There are 2 protein chains.
Amino acid sequence: MKKLPKISESEWLVMQALWSRGPLTANEVVEELAPKAKWKPKTVKTLINRLVKKGAVKFKKEGRKYRYYAAVSEAKCVGTESRSFVQRVYGGTARPMLAAFLEDAELSAEDIAELKKILEQKEGE
Amino acid sequence: MKKLPKISESEWLVMQALWSRGPLTANEVVEELAPKAKWKPKTVKTLINRLVKKGAVKFKKEGRKYRYYAAVSEAKCVGTESRSFVQRVYGGTARPMLAAFLEDAELSAEDIAELKKILEQKEGE
DNA sequence: TAATAGAAATTACATCTGTAATCTTAGGAG
DNA sequence: CTCCTAAGATTACAGATGTAATTTCTATTA
């Protein structure tokens with residue numbers, strides 16, 4: 001099992017761009033993030049580089065520029081981060097957290113229906 | 001509205017001790033955390049000091065020692081941290097996060113019942 | 001082929017974190 | 001009243017992070 005590198009807050013944005021838009025050049029990442037963060041292009045490049053150094057991102061050379069892609073699975077990172085969050089903020093037990101979120105979140109009727117379905121499935125072991 | 005100071009991972013443990021056990025001396029915090037973290041007492045004191053400097057913790061003098069207590073509300077901190085988490089990891093929409101957690105968490109029958117109740121309440125606006 | 005522009009690599013630098021050790025000081029023991 | 005001890009205050013120091021700028025290549029253009 002590979003060790004997931006630790007991804008910082010800012011780096012998460014970069015990873016999300018790479019996860020959702022597949023392999024991208026540095027500039028494409030910059031464009032992708034432009035609406036989400038007010039970073040200078042150089043800042044984005046730095047973040048990409050750090051992720052490469054951490055092993056979270058790899059790249060293929062393509063002429064003089066690189067095409068970057070995520071080297072760690074989104075699902076794994078999300079899972080790790082989620083467990084860490086529940087641990088830190090809720091002391092490890094998910095139920096109070098779920099209750100708080102369910103109460104607080106704006107959920108559409110369909111959202112509620114789906115979540116109830118999930119709960120009912122869990123009910124039957 | 002007061003700005004919540006940013007509380008780091010390690011600092012969260014200290015805050016939790018103070019939130020749940022009320023005003024404590026530094027040594028009591030150390031004892032409280034002993035089972036949860038393998039920190040030297042000096043480390044715990046440092047964390048307390050940083051929290052005081054950040055305004056998250058205050059203290060009353062009591063002879064030559066201080067009695068520390070949380071100066072920010074647990075609910076507010078938990079809320080802030082939760083929103084930040086959903087934002088970072090799930091891009092701001094709670095539903096996929098809730099679905100993932102509901103599927104993944106080990107929930108007792110009572111847990112499920114309570115969560116369903118919450119959902120049903122939300123259903124009626 | 002030489003110059004240029006745009007990538008990537010390297011360097012910068014303050015702040016935050018994790019993890020303590022050392023210094024200072026005031027209150028209690030003698 | 002003095003000395004010691006334990007609290008709190010200050011200092012330490014490396015690595016992570018946020019946020020870039022500067023330097024170095026290299027492929028393409030003139």
Side-chain angles (χ1 to χ4, degrees), chain A residues 3-18 23-34 36-69 77 80-81 84-85 87-89, chain B residues 3-18 23-34 36-69 77 80-81 84-85 87-89:
Chain A
K3 264 269 182 66
L4 289 181
K6 184 158 184 51
I7 295 169
S8 84
E9 174 109 16
S10 298
E11 290 164 353
W12 263 93
L13 281 188
V14 174
M15 291 308 291
Q16 275 168 343
L18 294 176
L24 296 176
T25 64
N27 277 339
E28 287 166 348
V29 174
V30 168
E31 280 173 38
E32 196 67 31
L33 295 184
K36 319 292 284 177
K38 63 301 166 234
W39 291 326
K40 300 283 165 61
K42 300 294 182 153
T43 301
V44 176
K45 311 278 181 81
T46 298
L47 293 173
I48 294 174
N49 267 337
R50 286 183 182 165
L51 286 166
V52 169
K53 207 158 285 173
K54 289 180 183 187
V57 164
K58 292 197 185 313
F59 59 83
K60 278 191 293 284
K61 285 196 178 113
E62 198 170 85
R64 67 171 156 171
K65 63 181 65 167
Y66 299 169
R67 194 160 281 272
Y68 299 92
Y69 59 94
C77 288
T80 297
E81 192 65 20
S84 151
F85 161 73
Q87 183 61 49
R88 177 169 19 110
V89 176
Chain B
K3 263 269 182 63
L4 289 180
K6 184 157 185 51
I7 295 169
S8 84
E9 173 109 17
S10 297
E11 290 163 354
W12 263 92
L13 282 187
V14 174
M15 291 308 292
Q16 275 168 344
L18 293 177
L24 296 176
T25 65
N27 278 339
E28 287 165 348
V29 174
V30 168
E31 280 172 38
E32 194 67 30
L33 295 183
K36 319 291 287 177
K38 61 306 166 229
W39 291 327
K40 300 282 165 59
K42 300 291 182 160
T43 301
V44 177
K45 311 276 182 82
T46 298
L47 293 174
I48 295 174
N49 267 337
R50 286 184 181 167
L51 286 166
V52 169
K53 206 157 289 176
K54 289 180 182 188
V57 164
K58 294 198 184 312
F59 59 83
K60 277 190 293 285
K61 286 195 178 113
E62 197 169 87
R64 65 168 159 170
K65 64 181 65 169
Y66 299 169
R67 195 159 282 273
Y68 299 91
Y69 59 94
C77 288
T80 297
E81 192 65 20
S84 151
F85 160 73
Q87 183 60 48
R88 176 167 19 109
V89 176

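A, B, ... follow the sequence lines: proteins, then strands. Residue 1 opens every chain. Treat the numbers as computed from the prediction; the structure is a model and nothing was measured.
In this structure, the side-chain contact (heavy atoms from CB on, under 4.5 Å) partners of A/E9, at least two apart in sequence or on a different chain, are B/S84, B/R88. With sequence neighbours left out, the ring pair (Phe, Tyr, Trp, His ring centres under 6.0 Å) criterion links B/W12 to B/W19.
The rotation axes computed at either terminus of the helix from C/dT1-D/dA30 to C/dG30-D/dC1 lie 20° apart, taking five pairs at each end and rounding to 10 degrees.
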Return the polar atom pairs (N/O with N/O) between nucleotides 4-6 of chain C and the protein under 3.5 Å, or none.
none

Detail all sub-3.5 Å separations between protein N/O atoms and N/O atoms belonging to nucleotides 14-22 of chain C.
from   : atom 1 : to    : atom 2 : distance (Å)
C/dT17 : OP2    : B/K54 : NZ     : 3.0
C/dG18 : OP1    : B/S10 : N      : 3.3
C/dG18 : OP1    : B/S10 : OG     : 3.1
C/dG18 : OP2    : B/S8  : OG     : 2.6
C/dG18 : OP2    : B/S10 : OG     : 3.4
C/dG18 : N7     : B/R50 : NH1    : 2.8
C/dG18 : N7     : B/R50 : NH2    : 3.3
C/dG18 : O6     : B/R50 : NH2    : 2.8
C/dT19 : OP2    : B/W39 : NE1    : 3.1
C/dT19 : O4     : B/R50 : NH2    : 2.9
C/dA20 : OP2    : B/T43 : OG1    : 3.1
C/dA20 : N7     : B/T46 : OG1    : 2.9
C/dA20 : N6     : B/T46 : OG1    : 2.7
C/dT22 : O4     : B/K42 : NZ     : 2.6

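Among all heavy-atom pairs drawn from A/Y68 and A/F59, the shortest one is CD2-CB, 3.6 Å. Closest heavy-atom contact between A/K36 and A/E32: CG-O, 4.1 Å. Between B/P5 and B/A56, the shortest heavy-atom contact is CG-CB, 3.7 Å. Contact record, B/L24 with B/A17: CD1-O, 4.0 Å, taken as the closest heavy-atom pair.
When each of A/V30, A/N27, A/L13 is paired with A/V44, the side-chain contact (heavy atoms from CB on, under 4.5 Å) condition holds for A/V30 and for no other.
For the pair B/I48 CD1 and D/dA7 P, the computed distance is 12 Å after rounding to whole Å. Computed from coordinates, the B/E28 CD to D/dA6 P distance equals 16 Å when rounded to whole Å. A straight line from NZ of B/K45 to P of D/dT11 spans 18 Å, rounded to a whole angstrom. When the C1' atom of D/dA6 is taken as reference, atom NZ of B/K61 falls 17 Å away, rounded to whole Å. Atom CH2 of A/W12 and atom C1' of D/dA16 are 17 Å apart (whole Å). Rounded to an integer number of Å, the gap from A/E62 CD to C/dA8 P is 10 Å.
For B/N49, no side-chain nitrogen or oxygen approaches OP1 or OP2 of D/dG8 to under 4.0 Å.
Interatomic distance, NZ of A/K38 versus OG1 of A/T43, reported as 9.0 Å (0.5 Å rounding). Taking CD from B/E81 and NZ from B/K6, the interatomic distance works out to 6.0 Å, rounded to the nearest 0.5 Å. Taking CG of B/L47 as the start and CE of B/M15 as the end, the distance is 11.5 Å to the nearest 0.5 Å.
At the heavy-atom level, A/Y68 lies under 4.0 Å from the strands shown only through sugar-phosphate atoms.
Contacts classified as side chain to side chain donor-acceptor pair (under 3.5 Å) and involving residues 49-66 of chain B (residues at least two apart or in different chains) are given here: B/E11-B/K54, B/E62-B/R67.
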